[in-house]
Amino acid sequence: MTEAELYTVYKGVYLPTLLHPPQSLEYYEGFSFRPDDILIVTYPKSGTTWLQEIVPLIQSGGDEACVDTVPNWDRVPWLEEHRACVLNLEQRPSPRIFATHYHYNMMPVSFFKAKPKVIYAIRNPRDVFTSSFHYYGMASYLVSPGPQNEFLKKFLEGKVMFGSWFDHVKGWLNAEDKEHIMYICYEEMIMDLKGSVARIAQFMEKSLDTEVKEKIANRCVFKNMKQNRMSNYSLVPSEFMDQSKSEFLRKGIAGDWINQLTATEAEHFDAVYKDKMKDVTYKFVWD
Ligand code: A3P
């Protein structure tokens with residue numbers, strides 16, 4: 001199916017209509033944030049699911065019931081998804097934990113007033129592309145990626161769900177009031193998960209014993225997290241996500257783009273990246 005059939009254009013970006021019908025976008029627009037909410041913000045395929053495991057475990061002080069009994073999409077709901085409207089989020093006790101893929105300039109009015117805590121995760125866009133290519137091939141609510149070079153063109157032009165990676169990252173890096181935003185790279189989490197858990201816990205103002213941080217990190221390493229039925233999307237019917245084509249928790253590594261992009265594609269990616277990111281001063285692990 002085509003973009004016109006599967007996507008809605010909202011605030012200038014494509015959103016998959018099945019997950020984000022008009023009433024859920026309206027719900028989010030009128031949503032009331034609290035200052036002590038914790039919001040995981042990502043461009044898709046940048047480690048959202050990983051943080052939906054880590055952040056609740058930090059909040060629970062390492063009690064695993066929260067990740068053993070509740071699927072990640074109800075544990076840390078996406079505010080722009082239709083399920084947000086039916087979960088009674090207004091009744092949840094503080095601190096509530098949410099996720100969103102919105103760009104900074106798409107956020108609703110109350111976000112800028114309440115200034116909740118934001119954990120913004122960034123992943124090397126070459127790996128985001130690689131992960132997306134496989135994901136678009138298995139998720140029926142997305143337009144099939146087609147040949148790799150065509151999907152690369154769409155990705156670099158932002159003609160994919162949630163628009164351009166470059167605009168997303170630049171928007172959040174240039175956010176005002178940065179004291180309520182923590183930036184973390186997927187690659188840092190790969191290199192030092194225990195240290196990353198400690199950094200996130202500190203940002204959340206949760207003091208945890210060393211053993212608890214170790215336990216959380218151990219629980220969240222790829223091979224362990226992949227076993228969690230509440231987080232590996234095995235509860236989703238295969239008509240929607242066909243994990244026989246590509247698993248949701250696929251490889252969980254940094255640098256897989258080397259196995260995906262041809263030399264010409266990688267060169268083209270570099271040129272576009274250099275141009276689009278020329279004014280960005282943030283030091284990424286991969287640069
Ligand atoms: P790959 O497709 O490269 O394996 P999101 O949750 O934002 O959609 O991102 C999905 C990506 O994060 C997938 O990347 C997935 O495997 C990876 N991921 C999820 N949990 C992870 C973990 N515990 N450790 C490392 N990577 C993880």
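Start at 1 and go down the list; that is how both ligands and their atoms are numbered.
- Among the atoms of Leu249, none of the N or O lies under 3.5 angstrom from an N or O of ligand 1.
- When Arg123, Glu53, Gln52 are ranked by how near their heavy atoms come to atom 3 (O) of ligand 1, first place goes to Arg123.
- Around NZ of Lys170, the count of heavy atoms belonging to other residues, nucleotides or ligands within 6.0 Å exceeds 12.
- Protein heavy atom closest to atom 7 (O) of ligand 1, with residue, atom name and distance, is Thr48 OG1, 2.5 Å.
- Of the listed residues (Phe222, Tyr233, Trp73), just one forms a ring pair (Phe, Tyr, Trp, His ring centres under 6.0 Å) with Phe248, and that residue is Tyr233.
- Just one of Arg75, Arg219, Arg229 meets the salt bridge (Lys or Arg N to Asp or Glu O under 4.0 Å) condition when paired with Asp68; it is Arg219.
- Contacts with ligand 1 closer than 4.0 Å are made by no heavy atom of Lys223, backbone or side chain.
- Using a 4.0 Å cut-off to heavy atoms of Tyr186, the atoms of ligand 1 that qualify are 12 (O), 17 (C), 25 (C), 26 (N), 27 (C).
- Ring geometry for Phe33 versus Phe98: interplanar angle over 60°, hence perpendicular rather than tilted (30 to 60°).
- Only the backbone of Ser46 comes within 4.0 Å of ligand 1, judged by heavy-atom distances.
- The protein heavy atom nearest to atom 9 (O) of ligand 1 is Lys45 CA, 3.3 Å.
- Remark: distances from the non-hydrogen atoms of Asp127 to ligand 1 are all 4.0 Å or more.
- The environment of CD in Glu157 is crowded: more than 12 heavy-atom neighbours from other residues, nucleotides or ligands sit within 6.0 Å.
- Given atom 23 (N) of ligand 1, the protein heavy atom at minimum distance is Cys220 O, 2.9 Å.
- Nearest protein heavy-atom contact of atom 13 (C) of ligand 1 is Ser131 OG, 3.8 Å.
- When the options Trp257, Tyr233, Trp50 are ranked by their closest heavy atom to atom 22 (C) of ligand 1, first place goes to Trp50.
- Other residues, nucleotides and ligands contribute more than 12 heavy atoms inside 6.0 Å of the NZ atom of Lys178.
- When only non-hydrogen protein atoms are considered, atom 15 (C) of ligand 1 lies nearest to Phe248 O, 3.8 Å.
- Between Gly252 and ligand 1, at least one pair of N/O atoms sits closer than 3.5 Å.
- For ligand 1, the atoms sitting less than 4.0 Å from at least one non-hydrogen atom of Thr49 are 5 (P), 6 (O), numbered in the order shown with element in parentheses.
- No more than 12 heavy-atom neighbours from other residues, nucleotides or ligands sit within 6.0 angstrom of NZ on Lys194.
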Exercise. Would you please test Tyr28 and Tyr102 for ring-ring contact (aromatic ring centres under 6.0 Å, His included) and show each step?
Key: CA-CA 11 Å; Tyr28 192 8; Tyr102 267 16; 4.5 Å; yes

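- Ranked by closest heavy atom to atom 20 (N) of ligand 1, the top entry among Met189, Arg250, Glu247, Met225 is Met225.
- At a threshold of 4.5 Å between non-hydrogen side-chain atoms, the residues Val285 and Glu188 count as touching.
- Contact of the Ile58 side chain with the Ile200 side chain is registered, since non-hydrogen atoms from C-beta on lie closer than 4.5 Å.
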